[in-house]
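Take a look at the structure set out below.
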Amino acid sequence: MSQSWFELIQQALGLLFSLDKDLWSIIWVSFGVSLAALLITLIPSMLLGFVLAFKQFPGRHFVLNLVQTLQSIPTVVIGLLVYLLLTRMGPLGDLRWLFTQQGMILGQMLICAPVLIAMSQAAFTSADKRAWETALTLGASLPRAILMVSGELRGPLLLAVIAAFSRIVTEVGCSMMVGGNIEYVTRNIPTAIALETSKGDFAQAIALGLVLLFLAIIMNFALGNLRGKNQVRSH
């Protein structure tokens with residue numbers, strides 16, 4: 001590395017503020033894929049979290065243990081699973097999603113769903129069951145009663161959404177295996193940082209790292225703010 005840290009950061013900021021086409025293409029791919037995975041997974045995962053919290057059924061403990069296990073699986077292992085599913089000889093090979101954004105979305109859905117299910121189940125478990133029973137007693141439909149309970153828990157549920165998005169937007173193992181790191185198509189921030197660092201192009205890697213750092217700061221402040229409000233409400 002022949003350049004000083006100061007020069008590299010200057011170049012990185014220059015790339016960001018000059019709206020460098022290559023750099024911002026990577027950022028849009030990263031956020032687009034992660035937001036799509038989150039939005040597709042959000043409602044089914046939270047409904048399952050609600051069912052796990054409010055209902056007793058055969059196999060409930062198995063599902064809870066499965067969700068906990070899936071949270072701890074490394075993303076590269078999930079990437080391997082999705083790769084095997086999408087490869088030409090795999091059961092989903094006819095979709096031709098390997099090395100596409102659709103394949104990356106599928107992989108990120110498998111990563112963020114366990115986080116959403118586990119955190120929403122914990123939030124619904126802490127809810128006052130009387131609000132749910134009162135809503136049903138007053139004649140509210142099932143979807144409306146769920147929305148009422150969710151409204152009371154919007155803080156913890158938003159925490160779950162932020163945590164899930166944070167996990168998928170920074171993961172590299174699954175995106176690298178399923179997406180293939182194709183320029184302008186599947187190259188996202190984590191895979192681009194790994195590539196540019198290996199090439200010695202530290203300015204672009206630092207610029208992308210600054211984007212993730214800025215995102216992490218925003219999310220942590222948002223999480224801290226939400227936790228503070230929830231603690232105030234609980235006292």
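In this chain, numbering begins with 1 at the start of the sequence shown. Hydrogens, waters and symmetry mates are skipped; everything else that's a heavy atom, side chains included, is used.
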Can you confirm whether F99 is buried at CZ, in the sense that more than 12 heavy atoms of other residues, nucleotides or ligands lie under 6.0 Å from that atom? yes
Please indicate whether M219 has more than 12 foreign heavy atoms, meaning atoms of other residues, nucleotides or ligands, lying under 6.0 Å from its CE. yes
Looking at [Y], is its backbone amide N or carbonyl O close enough to the side chain of [X] to form a donor-acceptor pair, meaning the two atoms are under 3.5 Å apart?
{"X": "T186", "Y": "G179", "answer": "yes"}
{"X": "T100", "Y": "W97", "answer": "yes"}
{"X": "W24", "Y": "L16", "answer": "yes"}
{"X": "Q11", "Y": "L8", "answer": "no"}
{"X": "S34", "Y": "F31", "answer": "no"}
{"X": "S72", "Y": "T69", "answer": "yes"}
{"X": "E196", "Y": "A203", "answer": "no"}
{"X": "T87", "Y": "L84", "answer": "no"}
{"X": "S198", "Y": "L195", "answer": "yes"}

What residues form a side chain to side chain contact (heavy atoms under 4.5 Å, CB included) with [X], not counting sequence neighbours?
{"X": "D22", "answer": "D20, E183, Y184, Q204"}
{"X": "T125", "answer": "A53, Q121"}
{"X": "I43", "answer": "L47"}

Would L215 and I27 show up in the same hydrophobic cluster when neighbours are defined by side-chain heavy atoms closer than 4.5 Å? yes
Between L95 and L85, is there a shared hydrophobic cluster once you connect ILVMFWY residues whose side-chain heavy atoms come closer than 4.5 Å? yes
How many angstroms lie between CZ in R187 and CD1 in I26, if you round to the nearest 0.5 Å? 6.0 Å
If you measure from OG on S18 to CG on L13, what distance do you get to the nearest 0.5 Å? 10.5 Å
Consider only side-chain N and O atoms of E133 and T137, and report whether a donor and an acceptor are under 3.5 Å apart. no
Would N181 and T191 count as having a side-chain donor-acceptor pair, cut-off 3.5 Å? yes
For a salt bridge (Lys or Arg N to Asp or Glu O under 4.0 Å) check, start with the C-alpha distance between D128 and R130, then their side-chain angles and the critical distance, and finish with the verdict. CA-CA 5 Å; D128 186 349; R130 288 174 297 183; 3.0 Å; yes
Kindly give the heavy-atom pair with the smallest separation between L157 and S150, and that separation in Å. CD1-O, 3.8 Å
For I193 against G209, the heavy-atom pair lying closest together: CD1-N, 3.8 Å
Who passes ring-ring contact (aromatic ring centres under 6.0 Å, His included) against F50, sequence neighbours left out? F54, F124, W132
Donor-acceptor contacts under 3.5 Å from residues 56-68 side chains, at least two apart:
| from | atom 1 | to | atom 2 | distance (Å) |
| --- | --- | --- | --- | --- |
| R60 | NE | L52 | O | 2.7 |
| R60 | NE | K55 | O | 3.4 |
| R60 | NH2 | L52 | O | 2.7 |
| N65 | ND2 | H61 | O | 3.2 |
| Q68 | OE1 | Q71 | NE2 | 3.4 |

Mind listing the side-chain donor-acceptor pairs of residues 111-118 below 3.5 Å, one per line with the distance, residues two or more places apart or on another chain?
none

